[in-house]
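Just below is one structure, and these are the notes that go with it.
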Amino acid sequence: MSRLLEVKGLETRFFTQDGVVHAVNGINYHLDEGETLAIVGESGCGKSVGVMSLLRLIPMPPGKVTAGQVWFGTGDDRKDLLKLSDDEIRQVRGNRIAMIFQDPMTSLNPVLTIGFQISEALMLHLGMDKEKARKRAVELLELVGIPRAAERLDDYPHQFSGGMRQRVMIAMGLSCNPQLLIADEPTTALDVTIQAQIADLVKRLRDEIGMAIIWITHDLGVVAGLADRVIVMYAGFIVEEAQVKELYGNPRHPYTIGLLGSLPRLDATREHRLSSIEGLPPDLIDLPKGCPFYARCNYRIEICATDNPRLEPVAPGHKVACHREVTRETPYTVEIEPAEVVA
Amino acid sequence: MNRRRWWHECAEHDPDERQCAGGPSGVKAVDGLNFDIYAGETLGLVGESGCGKSTTGRAILQLYKPTEGTVEVAGKELTKLQGEDLRKQRRQMQMIFQDPYASLNPRMTVGSIVSEPMEVHNIGTKSERIERVRELLKVVGLNPYFINRYPHEFSGGQRQRIGVARALAVNPSFIVCDEPISALDVSIQAQVINLLEDLQEQFKLTYLFIAHDLSVVRHISDRIAVMYLGKIMELADRDELYANPMHPYTQALLSAVPIPDPVVEEKRKRIILEGDVPSPANPPKGCNFCTRCPKVMDVCREQEPVFKEYGSGHYTACWLYPQ
Ligand SMILES: Nc1ncnc2c1ncn2[C@@H]1O[C@H](COP(=O)(O)OP(=O)(O)OP(=O)(O)O)[C@@H](O)[C@H]1O
Ligand SMILES: [Mg+2]
């Protein structure tokens, strides 16, 4: 598989009244054609800002992509998205990279019918005529499993349930055969049985169409069954990256180890106390000098307070940003008491 | 565990009379429920959004007056209690809410939020109450030094701790936890779960734990009730429910929950349910699950199955089993 996306040194800031928000802090990653990459991390760690930066969807001001390159495409087609003209980037967004969001209502126009919204995209980007676009719209809705698709073309978004709206968004995203689908928490607002439907749909479409996917989530459960490779973000940094089985089987960053240990499992056979990560993520306006995870880390040593470790390979395809060689078996160097970390 | 029946709700179900159980919209979210909660246990109540979980919790606390049925606590029927008796009983029962952002009054200090239930129930002098608040803050892992701060100065997890301290203030024996962690970040959820478990042991609390996340419910509960469109579909001991789910809805729900382990996920077979949850205002005739059930039969669309016990403590309402 050849390389489809290469993000280098991406850095995004928000210049606010309270100070500069260091939302994304020099991240590097890549994605191959047809590959599914998950980006996980908790609220505010820069997952959304990270991918919105690729597509130049950051509100400016207060936001700004302050450094980095985003190489997208294969062969002669390869371009730095951050250097494209506004027109060119709009072409990429409509045609080659599709994006779906957590709340489909924010991206669907409530006063236009579903049929109109899908066919408009087809006419605009693929130059279809009206009749052909409507026919294709029905096919797309059928593809994503909307029953009685032809009859529902003239319905408005509010006439669809949450799960159905997310299917409509996926249909719209796929309308132009994108090479890359970016899904930002597409199932978070949905019930588990509907979540399973959508995840199943995306997997099926991926295998049929062969597009690459970036799937953003805080849910480590969904990722396990869906992703080829996983990136863990913390405070605007990538702290770990590995193939999915390697990440869950052999996590090497204290944050990843903590996260995986804090998840109750449906298939747990014995009772155990969850290991919790005490404290809170740092304030992105006032990032600590050393490792961003220092205050919450049970494995920290002296150097961690002053030096932020770089993301380095520890095994083939496995990178970690940590001064130590930590595994699940490593004993703690410190116990962190809940009261120690205060508001 | 002491299986003294601590709480009992029994409602007569009349299928022609689908009227309001106290909710504002005229939607009857909870009907014909019949289950007990035992002293010192955690009963988990799971189901998808809008299935009536929260309404059930509120009906138990008499925050809603059920139009039919009774709620008995320790042998006393709550629906009949009035005035002072009801107030005393209410003191035994507290609630922790889903949204730590909305459930705390932004204009009150942490101190007044936590001591308010004590004031309502006329407990202690002012200085005794302040002392108690400090103690409670320590119990839930907050610095007592925060007593004069306001909710917006705290993170979600910390606000949830404030809510827990408030619920504990009047020494309740029973707490309804309504989705207490679903608004919190993954790394914070475990903090709150551990706290609730520790407090249960320390103060011998009984919990009704309402959630949509089955992994969490499995972790924290002794027994689990599965709800769909206002009905309890299945009720069993935790391990029994996961090992031998009887109702097709429980089976589908369990199979839909992702397991954070790629090796396990690779081998799992999912039951993917078709369609959406029908509106609670207009539930289907017969079994509530008949529109999505992969094993649906003719009778399911006609008549409602009886909620019956099959084997010790394992209840379900399904036509697949002898009625
Ligand atoms: N318009 C903005 N102005 C100022 N700060 C912003 C703006 N948009 C985002 N941020 C900040 O950038 C940081 C990263 O936000 P981002 O939305 O990428 O988080 P996330 O990882 O997607 O979180 P979530 O899981 O909650 O969606 C946050 O601290 C956020 O407060
Ligand atoms: Mg986001």
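It should be emphasised that the depicted structure is a prediction, and the values quoted were computed from it without experimental measurement. Chain naming here is simple, since letters A, B, ... match the order of the sequence lines and numbering starts at 1 in each.
- Interatomic distance, B/E265 CD to A/L226 CG, rounded to the nearest 0.5 Å: 9.5 Å.
- Taking a 6.0 Å sphere around CD of A/E208, one finds it holds more than 12 heavy atoms contributed by other residues, nucleotides or ligands.
- Distance check: A/L274 CG to B/Q191 CD gives 11.5 Å after rounding to the nearest 0.5 Å.
- For the atom pair CZ of B/R292 and OG1 of A/T193, the computed distance is 4.0 Å after rounding to the nearest 0.5 Å.
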Original post:
Where do B/R270 and A/D200 land on the salt bridge (Lys or Arg N to Asp or Glu O under 4.0 Å) test, with the steps shown first?
Top reply: CA-CA 9 Å; B/R270 285 234 146 77; A/D200 185 61; over 6 Å; no
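- Separating the CZ atom in A/R265 from the NE2 atom in B/H219 is a distance of 13.5 Å, to the nearest 0.5 Å.
- Looking at B/I220, there are no atoms closer than 4.5 Å to chain A (heavy atoms on both sides), in backbone or side chain.
- Only the side chain of B/V264 comes within contact range of chain A, judged by heavy atoms closer than 4.5 Å.
- Contact detail for B/A256 and A/A196: the closest heavy-atom pair is CB-CB, 3.8 Å.
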Donor-acceptor contacts under 3.5 Å from residues 131-139 of chain B side chains, at least two apart:
residue	atom	partner	partner atom	Å
B/R132	NE	B/A169	O	3.3
B/R132	NH2	B/L168	O	3.2
B/R132	NH2	B/A169	O	3.4

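- Of the atoms belonging to B/L214, heavy atoms from both backbone and side chain fall under 4.5 Å from chain A.
- Remark: A/K245 NZ to B/D261 CG distance equals 9.5 Å, nearest 0.5 Å.
- Of all the heavy atoms in A/Y248 and B/P260, the pair that sits closest is CD2-O, 3.2 Å.
- Remark: A/L220 CG to B/I259 CD1 distance equals 13.5 Å, nearest 0.5 Å.
- Annotation: maximal heavy-atom pairing with chain A below 4.5 Å, among B/H212, B/E266, B/E197, B/R268, occurs at B/E266.
- In this structure, the side chains of A/S262 and B/Q189 stay at 4.5 Å or more apart for every pair of heavy atoms.
- Counting heavy atoms from C-beta outward, B/D198 and A/R273 have side chains that approach closer than 4.5 Å.
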